[in-house]
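So the structure is just underneath, and the comments pick up after that.
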Amino acid sequence: MSHFQRPTGTLDILPEEQPYWRHVRAHATRLAERAGFERLDVPVFESTDLFARGIGTGTDIVEKEMYTFCDKGDNSLTLRPEFTAGVVRAYIENGMHVRPQPVKLYSTGPIFRYERPQAGRYRQHTQFNLEILGAQDPAADLEIMLLIADIYAGLGFENLSFQLNSTGCPACKPGYVAILQDYYQHYRDQVCDDCQRRLEQNPLRVLDCKAEQCQPIIANAPHIVEHLCDECRGHFALLREYLDLLKRPYKLNHRLVRGLDYYTKTVFEVWAGGIGAQSAVCGGGRYDGLAQALDGPPTPGVGVAAGLERIILVMKAQGVKVPPLPAPAVFVACVGEKARPAAVQLTDELRQAGVATWLAFEQRGLRSQMREANKRGASYTVILGEDELARGVGAVRNMHSGEQATVDLAELTAWIQHRTAA
RNA sequence: GUGGGUGUGGCCUAAAGGCAAGGCACCUGGUUGUGGCCCAGGCGAUUGUGGGUUCGAAUCCCACCACUCACCCCA
């Protein structure tokens, strides 16, 4: 065996896996476009500085997870560790703020983060991403959440848990952080080492600590929703009112804080069971300060990113069926060198007519070719040998019933077309 | 970055210090030109890599690599 292996944390997606991928992508794309989202493709790599400034220099992603390299022009570039920063950059750079607002965009493709792989986590994974730029209305937050919920529902998912919280804005978040830090003062020597560090660097993160000794302290910690400013409180109340109106269940999770700096107001995740410890199948929220942080015009935004590998894990765990790979409609077998030109010609003719056709290569026994036709799941096998050539016909065998007919070569394509039309 | 588990043909699984065995898959034949079931044969492994112990290592020891699960964190 070759000593070449795929890089750690990457995936080969084999042909037999593709039905899942095709189905998820087609479904998500269809629903996104139905809701007025347009596709935006952004580069796989961007200036390192874009992500550092967009995501935040104190975050794990920027601190230790980026694939950063220097190109020959001595520019520091980074393989995108998420979509949002690139999408907002594209919005600003292409002057999309002069289009009718808001702009609703979807993107899909590979994302790169240098992490230790585990169930549902890879160094290269694939996201389906939605963003609404230029809308402050909580109805935009709602629309993102509804769309993502509809995508999961349409895939047949059950038992998903929607987790919702608000993390405030620059006007109220610092006040809450101070209150939280103040509360933790009393328990400084009781919390885990990680939380001692978090209290200095990223205080909100103490809330989703899983260490045993921190649980009772978290349970009694003040809730951010009780310390929001008027604007944030109103926004959050309206969003929840809409969700209730539409009878969309969600769980208010005071401990939900996300790892990226740019989030303001709404944050949410969707959790699925049965796929290991990495159970979030999507995560998102509002980022009203991001465009400005990237030197663009002040532009509110809200979005979500869904991980396709995890979605496919859920599909498998829940036994969701997907359309199978298409099998060839016709297998062209040929006996004897003299029949080959006719076989090649017939194959081309069938394909030009839109019939999925497989041609047997090499000179092999008919038995072997029939076996191959069977294994490939062909509906019909056309046998071309010297007998048939002499009479200008092909022997056409129905591989399901075993019936065999003799058909004029001139009419064969139409004959097959007629019988294989969906 | 930390910790646990696992590495034997393409895939699955035996061999517990003494000839690396079997199943699936693949190829060929049993039928001069007819698939699925059956039967026969064949191809295919320096046992993840490198060292060490031993007369002898898939097996014991060490290191590295990879996979995997979990922590951290996240899709």
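What you are looking at is a predicted structure, and each value in this text was computed from that prediction instead of being measured. The chains referred to below are lettered A, B, ... by the order of the sequence lines, with proteins before strands, and numbering in each begins at 1.
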- prompt: With A/Arg255, which residues qualify under side chain to side chain donor-acceptor pair (under 3.5 Å), at least two apart?
  reply: A/Gln215

field: Pairwise C1' distance for B/rA20 and B/rU46, with rounding to whole Å
entry: 12 Å

query: When rounded to the nearest Å, what value does the distance between C1' atoms of B/rG22 and B/rU47 take?
result: 16 Å

- prompt: Between A/His254 and A/His223, what is the ring plane arrangement, given parallel below 30°, perpendicular above 60°, and tilted in between?
  reply: parallel

query: Any N or O donor-acceptor pair linking the side chain of A/Gln369 to the base of B/rU34 at under 3.5 Å?
result: no

Pair assignment for RNA chain B - dot-bracket with | for other-strand partners, Watson-Crick or G-U under 3.5 Å: (((((((..((((....[..)))).(((((.......))))).....(((((..]....))))))))))))....

message: Classify A/Gln5 by what it touches in the nucleic acid, base, sugar-phosphate, or nothing, heavy-atom distance under 4.0 Å.
response: sugar-phosphate

Nearest listed nucleotide, side chain of A/Arg205, among B/rA75, B/rC71, B/rC74: B/rC74

message: What's A/Gly402 touching, base or sugar-phosphate or nothing? Going by heavy atoms closer than 4.0 Å.
response: base

message: Between B/rG9 and B/rA45, how many Å separate the two P atoms, rounded to a whole number?
response: 10 Å

query: If you check every side-chain atom of A/Leu366, which of B/rC73, B/rG33, B/rU68 has the closest atom?
result: B/rG33

- line: Counting primed atoms, P, OP1 and OP2 as sugar-phosphate and everything else as base, the B/S/- map of nucleotides 38-45 of chain B against protein heavy atoms under 4.0 Å is --------

field: Ionic contact status for A/Arg248 with A/Asp150, cut-off 4.0 Å
entry: yes

Between P of B/rC74 and CZ of A/Arg80, the distance in whole Å: 20 Å

- line: Sorted by position of nearest nucleotide on RNA chain B, 5' first, the leading residue of A/Glu388 and A/Asp194 is A/Glu388

task: Hey, can you tell me if A/Tyr183 and A/Tyr187 have their rings parallel, tilted or perpendicular (30° and 60° cut-offs)?
output: tilted

query: Which part of the nucleic acid, if any, lies within reach of A/Asn129 when heavy atoms closer than 4.0 Å are counted: base, sugar-phosphate only, or nothing?
result: nothing

message: Mind checking if A/Ser368 touches a base, just sugar-phosphate, or nothing, with heavy atoms under 4.0 Å?
response: sugar-phosphate

task: Using the P atoms only, state how far B/rU31 lies from B/rA40, rounded to an integer number of Å.
output: 15 Å

- line: Heavy-atom closest pair (A/Ala317 atom, A/Ile275 atom, distance to 0.1 Å) is CB-CG2, 4.5 Å

- prompt: So, A/Arg53 and A/Asp295, do they make that salt bridge, N to O below 4.0 Å?
  reply: yes

query: With no angle test and no hydrogens, is the base of B/rC73 tied to the side chain of A/Arg113 by a donor-acceptor pair under 3.5 Å?
result: no

task: Might you point out which heavy atoms bring A/Pro138 and A/Leu239 nearest each other, and give the distance in Å?
output: O-CD1, 3.8 Å

- request: Measure from CG on A/Asp193 to C1' on B/rU2 and round the result to the nearest Å.
  value: 14 Å

- prompt: Are A/Asp348 and A/Arg351 within salt-bridge range, i.e. N to O under 4.0 Å?
  reply: no

field: Same-atom distance (C1') from B/rU6 to B/rU59, integer angstrom
entry: 15 Å

- prompt: Does any N or O in the side chain of A/Tyr152 come within less than 3.5 Å of the main-chain N or O of A/Val281, such that one atom is a donor and the other an acceptor?
  reply: yes

Distance in angstrom units between A/Leu207 CG and B/rC74 P, rounded: 13 Å

query: If you find the nucleotide of RNA chain B closest to A/Lys64 and the one closest to A/Ala305, which residue's nucleotide is nearer the 5' end?
result: A/Lys64

message: At 4.0 Å (heavy atoms only), tell me whether A/Thr381 reaches a base, stays on the sugar-phosphate, or touches nothing.
response: nothing

- request: Indicate, with a heavy-atom threshold strictly under 4.0 Å, whether A/Ala280 touches base, sugar-phosphate, or nothing.
  value: sugar-phosphate

task: Scan A/Gln404 against the nucleic acid and name what it touches under 4.0 Å (heavy atoms): base, sugar-phosphate only, or nothing.
output: base

message: Once you apply a heavy-atom cut-off of 4.0 Å, does A/Arg258 come out as touching a base, just sugar-phosphate, or nothing?
response: sugar-phosphate

field: Distance-minimising heavy-atom pair for A/Gly377 and A/Ala327
entry: O-CB, 3.4 Å

Nucleotide N/O to protein N/O under 3.5 Å, stretch nucleotides 6-9 of chain B:
none

message: From C-beta outward on A/Arg116, which listed nucleotide comes closest to its side chain: B/rG33, B/rU28, B/rA70?
response: B/rA70

- prompt: When we call it a touch if two heavy atoms are under 4.0 Å apart, what does A/Gly120 touch: a base, just sugar-phosphate, or nothing?
  reply: base

Taking every non-hydrogen atom, the tightest pair across A/Pro328 and A/Trp358: CB-CB, 4.2 Å

- prompt: Contact class for A/Gln124 (heavy atom, under 4.0 Å): base, sugar-phosphate, or nothing?
  reply: nothing

statement: With A/Asp141 as partner, the option from A/Lys265, A/Gln136, A/His235 fulfilling side-chain hydrogen bond (donor to acceptor under 3.5 Å, both in side chains) is A/His235

task: Give the intermediate values and the outcome of side chain to side chain contact (heavy atoms under 4.5 Å, CB included) for residues A/Leu256 and A/Leu164.
output: CA-CA 7 Å; A/Leu256 182 67; A/Leu164 180 67; 5.8 Å; no

task: Would you kindly say whether A/Tyr287 and A/Glu131 are connected by a side-chain donor-acceptor distance under 3.5 Å?
output: yes

query: Roughly how far apart, to the nearest Å, are B/rA21 and B/rG44 at atom C1'?
result: 14 Å

- request: Would you mind classifying the nucleic acid contact of A/Gly377 as base, sugar-phosphate or nothing, using non-hydrogen atoms under 4.0 angstrom?
  value: nothing

message: So for A/Glu65 and B/rC72, does any side-chain atom that can act as donor or acceptor lie under 3.5 Å from a complementary atom in the base?
response: no

- request: Ignoring the backbone of A/Glu115, work out which of B/rG33, B/rA75, B/rG1 is nearest its side chain.
  value: B/rA75

Table of protein N/O atoms under 3.5 Å from nucleotides 23-26 of chain B N/O atoms:
none

- prompt: Counting only side-chain N and O atoms of A/Lys210, is one of them less than 4.0 Å from OP1 or OP2 of B/rC72?
  reply: yes

task: Ignoring hydrogens and angles, answer whether the base of B/rU28 and the side-chain atoms of A/Arg364 contain a donor-acceptor pair closer than 3.5 Å.
output: no

task: When you get a sec, tell me which of B/rU68, B/rA75, B/rC73 is the closest nucleotide to the side chain of A/Gln278?
output: B/rC73

query: Just checking A/Arg197: base, sugar-phosphate only, or nothing, at a heavy-atom cut-off of under 4.0 Å?
result: nothing

- prompt: Where do A/Cys232 and A/Cys172 come nearest, in terms of heavy atoms and distance?
  reply: SG-SG, 3.8 Å

- prompt: Taking atom C1' in both B/rA57 and B/rC19, what distance in whole Å separates the two?
  reply: 14 Å

- prompt: Atom CZ of A/Arg121 to atom P of B/rU68: distance rounded to whole Å?
  reply: 12 Å

task: Side chain of A/Tyr122 only, please: which of B/rC73, B/rU34, B/rA75 is the nearest?
output: B/rA75

query: Can you list the residues that meet the side-chain contact (heavy atoms from CB on, under 4.5 Å) rule with A/Gln196, with sequence neighbours excluded?
result: A/Val191

query: When you compare B/rC27 with B/rU68, how far apart are their C1' atoms, in angstrom units rounded to a whole number?
result: 34 Å

- prompt: Which heavy atom of A/Ile148 sits nearest a heavy atom of A/Phe162, and at what distance?
  reply: CG2-CE2, 4.2 Å

query: Would you say the side-chain atoms of A/Thr126 and A/Glu309 include a donor-acceptor pair closer than 3.5 Å?
result: yes

